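As structure tokens, the structure follows; a few thoughts come after it.
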Amino acid sequence: MSTLQTFDIPIQGMTCAGCAGRVERALAKVPDVQQSSVNLASEQARVTAPPERLGELLAAVEQAGYQVPSQRLELAISGMTCASCVGRIERALGKVPGVRSVSVNLASEQARVELLAGTSGRALLDAVEDAGYSARLVDSAPTQAPQAALRRERLAVLAALLLAAPLVLPMFAEWAGLHWMLPAWVQFALATPVQFVLGARFYRAAWKAVRAGSGNMDLLVALGTSAAYGLSLYLWATAGDHHPPHLYFEASSVVIALVLLGKYLESRAKRQTGAAIRALEALRPDQAKRLVDGREESVAIADLRRGDQVVVRPGERFPVDGEVLEGHSQADEALISGESLPQAKGPGDRVIGGAINGDGRLIVRTTALGGESVLARIIRLVEDAQAAKAPIQKLVDRISAVFVPVVLLIALATLAGWWLAGAGIEQALINAVAVLVIACPCALGLATPAAIMAGTGVAARHGILIKDAEALELAQQVSVVAFDKTGTLTSGQPRVVHLATVGIDEAELLRLAGALQQGSEHPLAHAVLAAAKEREIALPGISASQVLAGRGIRGEVKGLTLALGNQRLLEEQQLNSDLQQQATAWEAEGRTLSWLLQLQPQPQVLGLLAFGDSLKDGSRQAIQTLHERDIECHLISGDNAGSAGAVGQALGIDRVHAQVLPEEKAAHIVALKQNGAHVAMVGDGINDAPALAAADVGIAMGGGTDVAMHAAGITLMRGDPRLVPAALEISQRTWHKIRQNLFWAFAYNAVGIPLAAFGLLNPMLAGAAMALSSVSVVSNALLLNTWKPKKQ
């Protein structure tokens, strides 16, 4: 049994002594619990148990019917150089009492920790420092600006290259047939500041790793370059006066210079992978103009409250999420929603904080601030995705944990093998140094997170928010996409789809029906008025308007008494029509019908209007694109078979499931998965949430409910169905980049280590290859920034 720890577990929901007893009994059932007590007053349980039992303890409390509140902290970590560092920090943080889960990202140099509420963040910082690294809470002020750190790194690289260059020149001169060598004391003078001043970072990090009982890239570099430097000192000291020794100061200096160059290029490239977050954060204005008693006053965003009215002038960014009260303009929401065209805004329209106001002055009522705003939620989603680990990263972490010890053994074996083979200690040591230098696991640690950061960042710029790395990995495997109908493939707004007349033309039918519907707020009335407006039909006035409850509406139009209503109204008036057969056919398609009747002077049927949900722009292209990718499309709808079938036929959907209850949608998804399909579910409503959660990948449409967005792994900022195949495409491209990066990371080591061990790679070339491996992996990931959704 491992070392015991005492946990103070906060518990919510206890109301009496019986609750405390129930929790205590639940905790006592967990294996290896040595002691437990529950305090009702402080709402805490104190439990002594092995640290690996924490998850079972929390599950026991929750199964007993109570809640365990938790919090999430983000740490900025400095000093990480490779995948081995990631594993060491995760293990160190995981040992802190109260920590539920840990995820460390090498590319963003951050750790995300979920821990019990009330647990001190100081314990986390101490654990990281004990492991040999530096950490700070992300909310606290940074120790130095990223640009300043990058500038300092660049100066160190330039200094190292300038000092190492004269040491390498004789080697190039020898290729040209010139044989000369710098005096030993000059080589020593040039190499020493590189080794111990510019290379001091490797010694510091290596010492911390050794103290923590593990190894990392810095340990490999420090050992390798120190061996080359030390061998040079030995050969210089033991050389005779008449035989100038061949020294290896150039090897140690050039390796350090190249490693520093690689780290600098890597840091600069990694900064680009976080560009999406910085671009989003830059959209937040610091000030707003609040309207108070008709006067404008400049205030900080933090001082605004919900309901405050703010003035947004032409060309300014909207400081808050809100509703337009006065004015007309357009809003450029491209960076937030991916929508390329400015959107018209007028009274009653919603605006998003961070969007750019067009050419009109607007007065906006504040509806959301801070973390509640759309922009803040987007940033949170992108940050979560970039911090998360793809399932494949777990394999990489396991390999990295044993990588450095294995490399040290290979280096020792190389040293012993060459020496025993009679090559001499000098040649044996140089070959061992080459093994240590090339075997840097940096590229291995960066392969996955760099691609995820670049892929999720470029997706966010085009209005596709990928919640986590698991959704990214699963999305590229999708073979079936199941769509909800209303609000997803259709607009959710009825429109006039068919007209039939008796004795009048279609324009007259719309003129009379539109006149009756003037002033009505019914969705079908809006559809009639929209159809009349679309055909530019002028509407006559109406008098004696009267609502016929459950049947329709009647009124006086142009001296005629007219009524517009449903089948029940037709039956009440005892009117027969030759349009009845047409009405039956349209009803079979799932259309809603309205009859236009003349009641006086002579009762008769004038016409029939059929209403249907209109397809969204892009629905056909979305289905077509998915079919081109050999992805099967299903429609799962609660509507009747006629309505769902009409949409399915119009779009060319492979299978239609109609009259599906909300709770049955998830069962359909599960059935598809059981048949071996990888399923993505696309929806927008509360009733879609269970199906979104049940699918391998849930895709929530923009403008849908918050519940749907929380249940989905991918959120589309616009309600454009064409973003569905785009989301699958960027997921696939990101996954391809991850696989390419892992291939190159493994290939460098698989090829380089044997070459070095067999004496075919000198330390300088090994250093160059090692630096190139990290830079190539990050640069390859950054190629994702060129991706754009295919134009339909």
Side-chain angles (χ1 to χ4, degrees), residues 80-87 90 103-110 216-217 258-259 261-276 382 385-404 407 438-460 466 468-477 728-753 766 768-787:
M80 290 193 297
T81 55
C82 62
S84 300
C85 302
V86 171
E90 286 184 344
S103 176
V104 178
N105 189 315
L106 178 63
S108 64
E109 297 182 317
Q110 285 194 341
N216 61 5
M217 179 209 100
L258 289 173
V259 173
L261 175 62
K263 295 302 293 179
Y264 166 70
L265 295 174
E266 179 188 309
S267 298
R268 199 173 69 169
K270 283 196 296 187
R271 181 167 168 75
Q272 292 179 44
T273 62
V382 178
Q386 294 189 343
K389 285 189 177 184
I392 194 173
Q393 183 66 23
K394 296 172 184 175
L395 170 64
V396 176
D397 290 345
R398 286 199 297 272
I399 294 170
S400 301
V402 298
F403 191 85
V404 173
V407 168
I438 198 168
C440 167
C442 281
L444 200 59
L446 288 167
T448 301
I452 288 173
M453 289 184 73
T456 54
V458 73
I466 300 171
D468 54 43
E470 188 172 1
L472 191 82
E473 185 167 330
L474 292 172
Q476 56 88 30
Q477 303 173 354
L728 300 182
E729 183 190 355
I730 187 57
S731 298
Q732 189 172 54
R733 289 202 176 198
T734 304
W735 182 247
H736 285 165
K737 286 297 177 193
I738 289 173
R739 288 197 294 192
Q740 288 170 12
N741 283 352
L742 288 174
F743 169 79
W744 286 115
F746 281 113
Y748 273 110
N749 288 314
V751 173
I753 291 175
M770 186 213 67
L772 182 63
S773 68
S774 296
V775 175
S776 63
V777 159
V778 180
S779 301
N780 186 44
L782 287 174
L783 292 176
L784 287 168
N785 286 330
T786 62
W787 176 83

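The residues of the chain are indexed from 1 along the displayed sequence. Nothing here was measured: the structure is a model prediction, and the numbers come from that model.
- Ser103 contributes atom OG, which lies 6.0 Å from atom CD of Glu90 (distance to the nearest 0.5 angstrom).
- Residues Asn741 and Ala451 share a closest heavy-atom pair of ND2-CB, 4.2 Å.
- No side-chain heavy atom of Gln477 sits less than 4.5 Å from a side-chain heavy atom of Trp735.
- Closest approach of Ile466 and Ala459 over heavy atoms only: CD1-CB, 4.1 Å.
- With a 4.5 Å cut-off on side-chain heavy atoms, Val104 and Met80 count as touching.
- Going from atom NE2 of His736 over to atom CG of Leu784 covers 11.0 Å, rounded to the nearest 0.5 Å.
- Side-chain contact check for Leu728 versus Gln732: every heavy-atom pair is 4.5 Å or farther apart.
- One distance of note links CD1 of Ile452 with OG1 of Thr734; it measures 8.5 Å at 0.5 Å rounding.
- Annotation for Trp787 and Val458: closest pair O-CG2, 3.7 Å, computed over non-hydrogen atoms.
- Between Glu109 atom CD and Cys85 atom SG the span is 10.5 Å, to the nearest 0.5 Å.
- Nearest heavy atom pair, residue Lys737 against residue Asn780, reads NZ-OD1, 3.0 Å.
- With hydrogens and angles ignored, the 3.5 Å screen pairs no side-chain donor or acceptor of Gln476 with any backbone N or O of Arg733.
- Between Tyr748 and Ser776, the shortest heavy-atom distance links the atoms OH-OG, 3.5 Å.
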